[in-house]
Amino acid sequence: MDVSKKLRGTVRIQEAPMTDVKVMGSQESEIAPGVWQHAPGVVTTSLQTALNWGRQNSMWYLTFGLACCAIEMMATGGSRYDFDRFGMVPWPSPRQADLMIVSGTVTEKMAPRVRTLWEQMAEPRYVIAMGACATNGGPYHQGYNVVDGVDKVIPVDVYVPGCPPRPEALLYGVVQLQRKINVAGKQEPEKQKQEKVESEAVKEDV
Amino acid sequence: MSEINEKVKGRLIEQFPGVEVSETEFGQVEVKAPKEIIADLARFVREELDFDYLTMVAGVDYIEYLQLVYHIRSLKDYAELIIKVDVDSENAVVASVAPIWTGANWHEREAMDMFGIQFEGHPDPRPILLPEDWQGGHPLRKDFIDKRPKRERQFRTR
Amino acid sequence: MSEIEARRLKAEEVGHEKLILNLGPQHPSTHGVLRVITTLEGERITEAEPDIGFLHRNFEKIVEGWTWSQVIPLTDRNDYLANINNEHAYVLAVEKLAGIEVPERAEYIRVIMSELNRIASHLLTFGTFAMDMGAFTPFLYGFRERELLYDIFEKVTGARMMHNYVRLSGVRNDLPDGWDKEVLEFLDRLENDVIPDYYDLLIKNPIFEARSLGVGVLTKEDAIAYGAAGPILRGSGIDWDLRRDMPYSIYDRFDFEVITREEGDHYARFMVRMDEMIESAKIIRQAFEQMPEGPVMGKVPRVLKPEGDIYSAVEGPRGEIGVYLVGDGNFKPYRVKWRAPSFSNLSILPLMAKGQFVADIVLTIGTLDPIFGEVDR
Amino acid sequence: MPEWVMAIIKILIVLAFIGLNGMFLIWAERKVAGFIQARIGPARVGRPQGFFQLFADAIKMFSKEDVRPAAADKWVWWFAPVVFFTPVAMAFLVLPFGPNVIGLDMNIGLIYLAAVASFALLGVFMAGWGSNNKYSLLGAMRAGAQMISYEIPLILATIGVIMITGTLSTQGIVEYQVAHGWNIKTQFLAFVVFFIAMLAELNRTPFDLVIAESELTSGFFTEYSGIRWGMFMFAEYTNIFVMSALAVTLFFGGWASPFGLVGSVLIFLIKTYAIVFLIIWIRWSVPRVRIDQLMTLGWKFLLPLSLFNIVFTGLILLI
């Protein structure tokens, strides 16, 4: 077989104009509301603290396994690591889930579905990109059918590296997300307002 | 085991004088057949030689031509048979073996997706692995180019 | 009529015979990303059409650009519950093609690891099948044992799941001291405590028997015609196991039984898996007894440029994992075709689902046990 | 104090009790599940044993966005949780918590309970149809079939008790048991039928086909989020409490204590939560039955059994 002049197997990516992901379903809803909008002062800060405390300690995650990482996610929910200690329960319906753990490779065929699921979730919703594939495509990023990172489809809060991440790593990611939730909505109103404007501008860009 | 291989080889040469029959170093009978007789050949090995278990249908792109590789087992005789069929790259049409081995159905659909080989007489010729809005082309061919647009990162502030 | 109006369910549609129900791709019971388009008549399924490809991540294309040994870690991720078996399948094919010798000790280590991985995989199948049936607790008990196995694997390979342990011409490193004792302890625990526990927890339950006995029957003829593999084939009464019938590696040195059951229903397939764990334990014990001392890595040519093509298969937990390799005398494989057992097994679903209840198709998917890493590759 | 003020206070007490009980049961379920499954369960918030988990869950649930599917039938969808919730709250009217602690001691208490309890089905059906979701619809259909078939043995099982005690008033039944010993001694068969039918009525494993997680995602409330879904959740758990309380009232002597102590609310609650624990225990131990097996069990076993119990009780009373 003479193949020296043949094209080898790597996939070459052709540059093309920017387009968005195809979106099935409803519009993107509002940014997670802070209570400060309605009343200023010490009451609302305490209220926000209470809200954040509730949210961070009761993150029910969607039973949504994509690939290999799903097995580690199940292991984290299992007896030894036990997600339930953090108040996290696997929940089948996206409407009632708070956290989406994208555990595995997102392909072109799956991407619109992931987007739809994310849109079906009620605010406040959080996303953890679990593993190398969900972060940036991982070992499959050369593939012609693999989305290089779930953050091309939905916004991600916490990235957990690893292929697949150990349960300890996933738990650490969850703790990081809890810290993130804990400070949400507690900034000075002006600053937050500014940020919101910025984020809307970003949204329009996207 | 080799007696069975000898027997299979004998029967095949007797029945199909044109085909190339050999035995690989791993103890499998290998048949190189022209694509016109694949349906007859398949029926013959299925019914007369008891090769009842189709494990896979693989396509290979050799640039000048495509090749289909069928690997079939005989669960009764513990024998293995490999059938190789060359298909034209541009006009890739070959008879389906799905009516003979039902399990070939999905394997042939996959080859259809990946190499663009059309199977005549296939009961359900639809794409199987590729997405509905597939960009076009047959990914496992060597000249495939990925034409997907680049995507931007999505983010939101909290 | 607006778009929303059009999406609304119609009384005519619901009241009449047919309702089209989508199971998946996100659904608690589809074991990953399977979508099944079912047509219902009341609670009965008249037609089920699996839609796959949601995890099609181009394994076969990507590896064409990688060297022969770079492919090994990626094979782990095909069937991500049977990692060592996958590595073994690929490495065996390359070794045969390139004519590489493997030291005897390495062969034994491979067999031990493969069989441990088979146990791990069947433990998960036990758990997910119970979960499909609505019992959540056995699932966690399955994971309890899997964690012990993870520890055992981790001591040898350094990884919980993706081992990258089997290498061309051997395995990466020798077994650590005292590891065999740990494995034997685990096997004793498995046989004496765990499996009887599982019987008490789930299998003896009358509801379990009512749900699985005589449901989802697959006949012998259909099993062969569809190319079903592994426990599905053996659960339908076909006495076929590559380890015994076409021995590869050193499997001809062990004495074990091939578990078969004649009924071909959910219960038979489930029990084949349960009994196979005990047979695997038998093989591991014998392997430890026979294992010689010596090196675990042989010599690999510095320039590995095999030529020709080969089909080689091993018996994984889900059945025959076949690898078809084409080498063109280059550093990289020219073509790697992965014959995944789950792919063939899943193609039986439309046949089996016809006429079942909605609740039973979930169990059917559970006993077919497809892993989408290898269905879609 | 005028009567209406008392009434409002009573209503508030009941609502507060429903809320606390619902949250407590969600926590208890997770804790018991953890115990059965060799886990710890909630442990991070509040010590000991993550007891504040119930408040975290409630806060999250109340502060979540309320999504209405675009294609849903607006008003049907809107009212379903209310229709599901109200009868459960209404049932508290006749539950005898203690010697004098009862909302209203009606002389048709049991008929009232049966009438009110069957109303919940309407809420389920509204949720199933209004969501415009096929999973929800299938769940609601199953709920219809299941609840109607199991309501009959459930009520027939209580008839034995009524025949013995000769009263329909819940307080009267308890007072009879204070005098003559618990009904479980004479009505064991009725209790078995009642308990199985109760599990089916509550949609608990092994009869949780309505919300069968592995088949229908979350059944009829798949599309609800936030506080609406919270109402379903609270109603479900309160329903468990109500049914257990009813079982205690009918068969285990209500607030009467076994060791000659003074009967009180505390004893009633202990007994009730013991039955609740039994229900949770069963939930985490057994698989789910199929719809046809469910119907077979209901119509071919429980119904004849309950009828037999009535005949048997009648014979005993005659002799």
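Numbers restart at 1 for each chain; the letters A, B, ... are given by sequence-line order, proteins then strands.
Here the side chain of C/T38 pairs a donor or acceptor atom with the backbone of C/L21 at under 3.5 angstrom. At least one donor-acceptor pair closer than 3.5 Å links the side chain of C/T137 to the backbone N or O of D/W284.
For C/A359, the parts lying near chain D are the backbone and the side chain together; criterion is any non-hydrogen pair under 4.5 Å. Of the atoms belonging to C/I361, not a single heavy atom falls under 4.5 Å from chain D. For D/I291, the part lying near chain C is the side chain, with the backbone staying farther off; criterion is any non-hydrogen pair under 4.5 Å. For chain D, the nearby part of C/Y141 is the side chain; its heavy atoms alone come within less than 4.5 Å. Only the side chain of D/Q293 comes within less than 4.5 Å of a heavy atom in chain C; its backbone stays farther off.
The aromatic ring centres of D/F232 and D/F84 sit less than 6.0 Å apart. Ring pair D/F220/D/F125: centre-to-centre distance not below 6.0 Å.
How far CZ of C/F372 is from OH of C/Y80: 8.0 Å, rounded to the nearest 0.5 Å.
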